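To start, the structure under review is shown below, and the notes come after it.
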Amino acid sequence: MSGNAAVVVLTALDDDALGVRAVAAGAEDYLVKQEVDGPLLARAVRYAIERKRAEETERRLVEARILGRENARLERGLLPVPLIDDPALTHCTRYRPGRRRALLGGDFYDTVQTADGAVHLMIGDVCGHGPDEAALGVQLRMAWRTLVLAGHSGEDLLRILDTVLGHERRSEEIFTTLCNVTIAPSRRTARLHLAGHPAPLLFRPAADGGPDEVTALPEYAHGPALGLFPGADWPTTEVELGGRDAPEWSLLLYTDGLIEGRTGDGTSTRLGTEGLTALARAARADGASGRGLIDRLVAEVEELNGDALADDLAVLMLSHRPRTAPSAPSDEAGHTAPVLVTGPAAADAGRAETH
């Protein structure tokens with residue numbers, strides 16, 4: 001009715017109904033001319049102004065809440081859903097941006113299983129913490145998934161991502177670290193590419209039946225972060241995950257937000273990959289696994305740091321635990337019937353027999 005102005009309506013003595021209609025239409029108050037004096041009019045005007053301010057504040061608050069909910073839905077929709085079709089694999093993640101009240105930061109991750117049975121997983125970190133970095137992280141993740149589904153992998157994929165980053169970043173100072181892992185269909189080996197990113201942790205059963213072994217994968221074969229050196233190389237590291245007798249394993253990928261906290265000894269020493277490995281080894285010895293292990297690591301890192309971690313944080317854990325194959329049926333004479341093996345398992349078996 002009145003835009004941003006506060007309105008007080010003056011009516012005649014017998015026009016109360018008109019005043020009520022004016023208030024219903026948006027006026028803050030009404031007064032009867034013959035019953036109003038100076039102090040009453042001044043008080044009514046002050047009250048009307050305060051009511052108008054309160055209404056405007058409430059309107060802006062409602063709009064902010066609606067916008068916040070829409071942004072939250074948008075940001076949640078931009079977080080990836082893993083594309084995995086292997087019941088032996090378990091996928092767990094933890095994601096927390098450094099910005100307050102945000103759902104997305106500059107960290108990003110994704111997991112995709114391709115038609116050949118290989119599983120590709122990636123985690124990356126755009127330098128910075130603002131909304132521009134979050135948007136760039138989403139662009140790089142979507143580009144990575146598209147490239148993987150189109151058949152690209154390894155160093156070829158990183159070169160294309162480096163080009164994408166060069167075109168999409170807002171300044172030449174922006175760079176991105178990235179860890180890319182391709183797990184073979186056999187689930188026994190993997191190829192690792194590091195672009196200025198910390199190496200993943202590998203969990204494997206101990207040979208003596210004790211607590212799982214936890215080790216950081218080698219970092220000696222790595223290349224620079226994306227966006228730093230045109231035409232850079234990113235060498236491949238071949239990793240043995242598990243064998244026939246010990247096929248179970250877990251890979252933990254993380255961003256540097258998890259290892260840049262303090263060690264809790266009163267110094268400025270950073271936790272680092274070595275410190276994280278020790279924490280993971282202790283957690284695994286206590287029986288922690290999957291999301292519970294991730295949550296414990298984050299909680300312990302924050303406790304050592306003495307406060308919440310300021311940097312973006314992303315953690316991805318992929319675990320392989322083959323299901324026990326059912327016993328082969330036998331006939332009345334006790335002969336075991338043959339079991340038909342199909343898919344990637346058949347290909348692995350064929351390669352084993354060939355060699």
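All figures in this text were calculated on a predicted structure; none of them were measured in a lab. Only heavy atoms go into these numbers, but all of them, side chains included; no hydrogens, no water, no symmetry mates.
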Close side-chain approach of P322 to E248, heavy-atom, < 4.5 Å: yes
Between SG on residue C179 and NE2 on residue H222, distance to nearest 0.5 Å: 12.5 Å
Side chain Q113, main chain D85, donor-acceptor under 3.5 Å: yes
Heavy-atom donor-acceptor pair, W234 side chain to L194 backbone, under 3.5 Å: no
Least distance between heavy atoms, A118 atom then T182 atom: CB-CG2, 4.4 Å
Closest approach of P200 to L253 (non-hydrogen atoms, all atoms of both residues): CB-CD1, 3.9 Å
pair T236-E238: side-chain heavy atoms closer than 4.5 Å: yes
Under 3.5 Å donor-acceptor, D162 side chain and G227 backbone: yes
Nearest heavy-atom neighbours spanning T93 and R291: O-NH1, 3.3 Å
Pair L293-M317, side chain to side chain contact (heavy atoms under 4.5 Å, CB included): steps then yes or no: CA-CA 9 Å; L293 186 145; M317 189 170 196; 4.2 Å; yes
Test side chain to side chain contact (heavy atoms under 4.5 Å, CB included) applied to R188 and R244, step by step: CA-CA 8 Å; R188 296 174 188 165; R244 287 185 180 274; 3.5 Å; yes
Verify same cluster id: I160, F175 (apolar side-chain graph, 4.5 Å): no
Salt bridge R281-D212, side-chain N to carboxylate O under 4.0 Å: no
CG-CG distance between N180 and L192, expressed to the nearest 0.5 angstrom: 8.5 Å
Heavy-atom closest pair, residues T237 and A221: OG1-CB, 3.3 Å
Check: L251 and L217 side chains under 4.5 Å, non-hydrogen atoms: yes
Hydrophobic cluster identity match, F108 and V315, side-chain contacts under 4.5 Å: no
Under 3.5 Å donor-acceptor, R169 side chain and I174 backbone: yes
Check: F203 and R284 side chains under 4.5 Å, non-hydrogen atoms: yes
Test side chain to side chain contact (heavy atoms under 4.5 Å, CB included) applied to V119 and D86, step by step: CA-CA 9 Å; V119 174; D86 185 345; 5.7 Å; no
Heavy-atom side-chain proximity of R262 to L271 below 4.5 angstrom: no
Pair R270 + D256, salt bridge at N-O below 4.0 Å: no
D110 side chain vs R145 backbone, donor-acceptor pair below 3.5 Å: no
Hydrophobic cluster identity match, L147 and V181, side-chain contacts under 4.5 Å: no
Neighbour count above 12 (heavy atom, 6.0 Å) for E219 CD: yes
Taking every non-hydrogen atom, the tightest pair across D312 and G106: OD2-N, 2.8 Å
Nearest-0.5 Å distance, CD of residue Q139 to OG1 of residue T176: 10.5 Å
S319 and S250: CA distance, side-chain angles, deciding distance, side chain to side chain donor-acceptor pair (under 3.5 Å) verdict: CA-CA 4 Å; S319 301; S250 295; 2.7 Å; yes
Salt bridge present between E240 and R204 (N-O < 4.0 angstrom): no
Non-hydrogen atoms of L161 and A143 that approach each other most closely: CD2-CB, 3.9 Å
Stepwise side chain to side chain contact (heavy atoms under 4.5 Å, CB included) test for L297 and L252: CA-CA 11 Å; L297 289 179; L252 184 77; 3.8 Å; yes
Donor-acceptor pair, side chain of D233 and main chain of P235, under 3.5 angstrom: no
Flag side-chain contact, heavy atom, 4.5 Å: V112 against M122: no
Euclidean distance, I123 CD1 relative to R141 CZ, rounded to 0.5 Å: 12.5 Å
Step-by-step salt bridge (charged side-chain N to carboxylate O under 4.0 Å, His left out) determination, R296 to E303: CA-CA 10 Å; R296 172 168 166 170; E303 183 178 357; over 6 Å; no
CG-CG distance between L226 and D125, expressed to the nearest 0.5 angstrom: 11.5 Å
Side-chain heavy-atom pair L241, R187 within 4.5 angstrom cut-off: no
L140 side chain near V126 side chain, heavy-atom distance below 4.5 Å: yes
Salt-bridge contact E302-R96 (side-chain N to carboxylate O under 4.0 Å): yes
Aromatic plane relationship, H120 with W144 - under 30° parallel, 30 to 60° tilted, over 60° perpendicular: perpendicular
D286 side chain to A288 backbone, donor-acceptor under 3.5 Å: no
Any donor-acceptor pair under 3.5 Å from T111 side chain to P82 backbone: no
Donor-acceptor pair, side chain of Y95 and main chain of D107, under 3.5 angstrom: yes
Same cluster (ILVMFWY, side-chain, under 4.5 Å), V148 and I183: no
Spacing of E168 atom CD and D132 atom CG [to the nearest 0.5 Å]: 12.0 Å
Y254-L304 co-clustered via ILVMFWY side chain contacts under 4.5 Å: yes
